[in-house]
Amino acid sequence: MDELETWLTESYDQSVRTAYLILGNRLDAEDAVQEAFLRAWRFRDSLARETSIKPWLYRVVVNTCNSKLRQEIPHRDRRGSDDALANVSSIDNLSQRVEQSYDMLSALKDLPLALRVVVVLRYYADLSEREIAIAIGRQPGTVKSRLNEARKRLATHPALGAVPQEQPPTGEEATS
Amino acid sequence: MTMIDEVVLRRAIVDAADGFKVSRDAREQILNAAKEDEPEARASRGPTFLRPQGRSRTMLVAAALLLVVGAISWPLLRGEGSNAPTALASRTVHGNGGVTFGPSTAGEKVVQGNLGSPVATGTAYQSRVTITGTSAVATKVGTSPKIESTGNVDLRIGKGQVEVAFAKLTRMASGDRGFVVSSQERVGTNSAGKFSYGIMVLEVPQRSFDTLVTQVQHAGHATSVATSSADVTSQYVDLRARISAAEASRAQYLTIMSKARSIGDILAVQSQLNNLQSQIEQFQGQLNVLNNATTYGTLTVSLTEAGQQPNAVTSRSGFAKAWHDAVRGFVAGFEWVVRLAGPALFALIALSVAFVIVRYARRTIRRRRI
């Protein structure tokens with residue numbers, strides 16, 4: 001049970017927020033993560049011991065989110081986006097950042113699930129491509145390709161029109 | 001194509017995700033739920049030593065797959081091998097005996113060689129192939145070996161001697177309780193004029209078969225002699241066993257019939273008895289055929305008048321023979337590869353399909369479990 005407590009201490013908050021980015025709703029995210037942790041704990045013996053537990057936990061979380069998106073959420077009235085962002089810190093009075101976050105959530109929702117998951121795991125959960133590969137059960141090359149595709153789609157999303165874009169390197173830059 | 005800046009993307013996502021406070025109560029709920037779940041979950045899992053993990057499990061699955069594929073492929077491969085003696089026993093030979101044979105199986109003896117001198121035409125030799133064997137089955141079950149013997153003799157006889165030869169052959173066959181099964185005489189014409197040829201099928205008791213073959217060769221110039229023997233003891237024993245078993249069942253049904261009280265019971269038992277009787281008669285018929293075939297040896301004698309085109313193939317020189325043997329060897333090797341390719345391909349496909357299924361199943365199970 002101590003092990004579970006450690007998991008919760010280290011990963012619960014981040015897992016809930018990750019699930020929130022995938023599902024787009026806080027209550028759904030909390031449900032999913034609770035279910036995911038219980039599943040992971042129940043089948044902890046089948047988790048690989050030789051590597052970090054983090055990607056495996058994320059795998060459970062992602063699978064639970066997938067399951068929720070496939071089975072539960074489509075069959076009930078969709079919970080609207082909650083007002084979580086109302087609590088975004090405004091100490092720095094970064095209204096632009098708040099607006100950008102809203103736009104980001106909107107853009108993420110428009111991404112296909114497979115792309116959304118890798119973006120969230122990479123840029124929020126801060127997993128490496130290899131760890132994401134373990135978390136989603138695909139090859140690292142697939143992860144890289146999905147990340148590139150997601151970034152391209154986000155760059156052209158209408159809600160993120162004002163967000164700075166990264167230009168592809170020119171030939172001279174590449175050779176220098 | 002442009003991509004969104006990673007730093008901006010990260011910051012926006014972090015801002016979006018950190019926009020709410022995560023409830024602390026949820027952790028306690030998870031811990032409590034895990035505690036309640038603990039005994040049940042532990043009990044549902046077996047002892048650890050019974051659950052192979054990781055590589056051990058993969059090895060176990062691979063071994064099981066190999067076992068299954070092996071079990072499927074073995075009879076196929078074995079079936080290929082067991083056909084060899086049959087093919088060997090049914091082969092017929094014409095010409096100078098320059099025919100190559102596959103390896104003989106244990107208990108079989110192959111005798112091959114030239115008999116006598118070249119015939120009048122000087123182009124054909126007599127040859128003889130005799131396949132004999134000791135039946136291991138017969139020894140085991142205490143039954144006398146059941147051998148089916150057949151043979152072909154090509155005879156060159158003098159002009160207008162077909163009828164005389166027929167009479168001679170008939171006398172030879174009937175000498176020891178044998179008989180003529182059929183005889184055909186035909187008259188043809190060619191550039192040299194009219195000629196006759198004939199075919200006679202003789203049956204003699206097994207014990208006289210070899211004597212008859214020897215006698216027939218002296219009725220003219222033998223250009224080709226081929227005899228073959230097949231051991232059918234196992235089929236014979238198998239049929240007898242089936243008949244015995246069916247008769248035992250019939251006796252039991254008759255006992256049941258004598259005790260049956262209702263019409264329904266009687267009809268049901270009668271139906272079974274009819275089926276059994278039909279089976280017994282069928283087996284008995286097959287046994288009779290086998291008995292007949294093993295009691296008598298069959299010899300087919302072809303008669304050709306001198307001066308006609310001999311049936312035998314012409315003798316080849318050393319180089320031609322070597323070339324011929326090489327081609328035959330190549331074809332035989334290719335045939336062997338093609339024969340083997342079937343089971344091998346099947347095993348490969350089965351293994352691939354099993355691999356894909358297991359991989360997919362493992363992935364699905366792992367996802368569902370997790």
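Letters A, B, ... mirror the listed sequences (proteins, then strands); counts begin at 1. As a basis for the values below, the full set of heavy atoms in this structure was taken, side chains included, without hydrogen atoms, waters or symmetry mates. Predicted model, so just to flag it, every value in this text is computed and none were measured.
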- Message: Is there a salt bridge (Lys or Arg N to Asp or Glu O under 4.0 Å) between B/Arg242 and B/Asp238? Walk through the geometry before answering.
- Response: CA-CA 6 Å; B/Arg242 284 171 188 233; B/Asp238 182 42; 3.2 Å; yes
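In terms of modelled atom types and a separation under 3.5 Å, the side chain of A/Thr156 and the main chain of A/Arg153 share a donor-acceptor contact. Under a 3.5 Å cut-off, the side chain of A/Glu131 and the backbone N or O of A/Ser128 do form a donor-acceptor pair.
At a cut-off of 3.5 Å, with distance as the only test, no side-chain donor of B/Asn32 or B/Glu28 sits close to an acceptor on the other residue.
With a 4.5 Å cut-off on non-hydrogen atoms, A/Asn66 does not touch chain B at all. The contact between A/Glu30 and chain B is made entirely by side chain atoms (from C-beta outward), counting heavy-atom distances below 4.5 Å. Heavy-atom distances place no part of A/Gln14 under 4.5 Å from chain B, backbone and side chain included. When heavy atoms are compared at a cutoff of 4.5 Å, A/Leu21 approaches chain B solely by way of its side chain, counted from C-beta outward. For a residue to count as touching a neighbouring chain, one of its non-hydrogen atoms must lie under 4.5 Å from one of that chain's; by this rule A/Tyr12 touches chain B with the side chain only.
Remark: B/Phe283 CZ is packed, more than 12 non-hydrogen atoms of other residues, nucleotides or ligands lying under 6.0 Å away.
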